[in-house]
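Structure, as structure tokens:
Small disclaimer: the values here were computed from a predicted structure and weren't measured. No hydrogens, no waters, no symmetry mates; every other heavy atom, side chains included, goes into these values.
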Amino acid sequence: MSTFHILNGDCLAENFPKNLEGESIIWREALIDGPVSDNEFFENRKKFINENYDSESDYDELVIKEFQKMQNIPENSSLFFWFEDDLFCQVNFWFLISSLNLNKKKIFRIFPKNKEKGFAESDENDLLELFHSAKEINDTERKLISNLWADFQQNKLSKEVSSEIIRNLEELIVANENRFNGTLKNQIKDIQKTAESFEEVFKIFNQKYPIYGFGDLQLKRCIDQFST
């Protein structure tokens, strides 16, 4: 049985244990921001990323090619999803569980030791230990996660569901609502009252509100959007 590790981003890949059996495939997207309709999904994502983030990056090579690798994983393989607990990572995770052909495959989630810090402060030994604590995603959980993605697409996430795989679901749903109800805007503006630079805003924001999982580019876009 072949083993595959699906990693959320290049930072984790850089620290990934070299003696861990299996092939690593990196997911490089930020589905928390921009269009997520099924209609011409990757075409619209590519256009959005090029216009709003990095017009120099090769989306086809960095994202679509890696997704195709995931789609081509053979039957009877084991897939380990290394995704953190914040909204940024979880939305990416929900999409992959919903979109990949996972029939006749065993799928698992690796949980970070620290919900707020994710994998950032884990060394190779920590990551190996976490790997051995992986939790299998059964059919019920897989369906629930796929439904989360569908609900996210329509911006109608429900707090009525619970999950063993998504261990902070209600907090994630509140954070997603905050993006649209003015709370996130107020959280950022409160920090800006005392912070003297964007770097300081970014640092304080991630210390106070790690649930969002925003990178600097996402936070910059939020600030720009709230300023208009």
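- Considering only heavy atoms from C-beta on, Ser78 comes within 4.5 Å of Phe108 through its side chain.
- Under the side-chain hydrogen bond (donor to acceptor under 3.5 Å, both in side chains) criterion, Glu84 pairs with no residue at all, not counting sequence neighbours.
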Enumerate donor-acceptor pairs with a distance under 3.5 Å from any side-chain N or O in residues 202-213 to protein atoms, sequence neighbours excluded.
unit_1: Tyr212; atom_1: OH; unit_2: Asn178; atom_2: ND2; d: 3.3
unit_1: Tyr212; atom_1: OH; unit_2: Gln187; atom_2: OE1; d: 2.7

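- With contacts defined as side-chain heavy-atom distances shorter than 4.5 Å, the pair Glu121/Asn114 does not qualify.
- Between the side chains of Asn181 and Thr183, at least one donor N or O lies within less than 3.5 Å of an accepting N or O.
- With sequence neighbours excluded, the residues forming a ring-ring contact (aromatic ring centres under 6.0 Å, His included) with Phe81 are Phe93, listed by chain and number.
- In this view, Lys193 and Asp190 satisfy the side-chain hydrogen bond (donor to acceptor under 3.5 Å, both in side chains) rule, not counting sequence neighbours.
- Taking Tyr59 as the reference, nothing meets the ring-ring contact (aromatic ring centres under 6.0 Å, His included) condition, with sequence neighbours excluded.
- Using a 4.5 Å cut-off on side-chain heavy atoms (C-beta onward), Leu100 and Ile6 make no contact.
- Heavy atoms of other residues, nucleotides or ligands lying less than 6.0 angstrom from CD of Glu116 number 12 at most.
- Cation-pi contact between Lys135 and Phe111: absent, since separation from the ring centre below 6.0 Å together with deviation from the ring axis within 45° is not met.
- Between Leu148 and Gln90 there is no side-chain heavy-atom pair separated by less than 4.5 Å.
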CA sep, side-chain torsions, deciding dist, call: Ile166, Val161, side chain to side chain contact (heavy atoms under 4.5 Å, CB included):
CA-CA 10 Å; Ile166 317 301; Val161 295; over 6 Å; no
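- Annotation: side-chain hydrogen bond (donor to acceptor under 3.5 Å, both in side chains) contacts involving residues 2-21, sequence neighbours excluded, comprise His5-Trp82, Asn8-Asn92, Asp10-Arg28.
- With a 4.5 Å cut-off on side-chain heavy atoms, Phe67 and Ser99 count as touching.
- Contact of the Leu7 side chain with the Phe83 side chain is not registered, since no non-hydrogen atoms from C-beta on lie closer than 4.5 Å.
- Every pair passing side-chain hydrogen bond (donor to acceptor under 3.5 Å, both in side chains) that includes a residue from residues 122-131 is listed here, sequence neighbours excluded: Lys113-Asp126.
- Side-chain contact check for Trp27 versus Val63: some heavy-atom pair is nearer than 4.5 Å.
- Taking the side-chain hydrogen bond (donor to acceptor under 3.5 Å, both in side chains) definition, one finds that Asn76 meets it with nothing, sequence neighbours left out.
- Shown here for Arg179 and Leu87, the closest heavy-atom pair between the two residues is CD-CD2, 4.0 Å.
- By the salt bridge (Lys or Arg N to Asp or Glu O under 4.0 Å) test, Arg221 pairs with Asp33, sequence neighbours left out.
- With a 4.5 Å cut-off on side-chain heavy atoms, Asn155 and Asn176 count as touching.
- Between the side chain of Glu141 and the backbone N or O of Asn138 there is no donor-acceptor pair closer than 3.5 Å.
- Residue pairs meeting the salt bridge (charged side-chain N to carboxylate O under 4.0 Å, His left out) criterion with at least one partner in residues 67-81, sequence neighbours excluded, are Glu66-Lys69.
- Screening residues 36-45 for salt bridge (charged side-chain N to carboxylate O under 4.0 Å, His left out) gives Glu29-Arg45 as the qualifying pairs, with residues at least two apart or on separate chains.
- Qualifying side-chain hydrogen bond (donor to acceptor under 3.5 Å, both in side chains) partners for Lys46, counting only residues two or more places apart in sequence or in other chains: Asp60.
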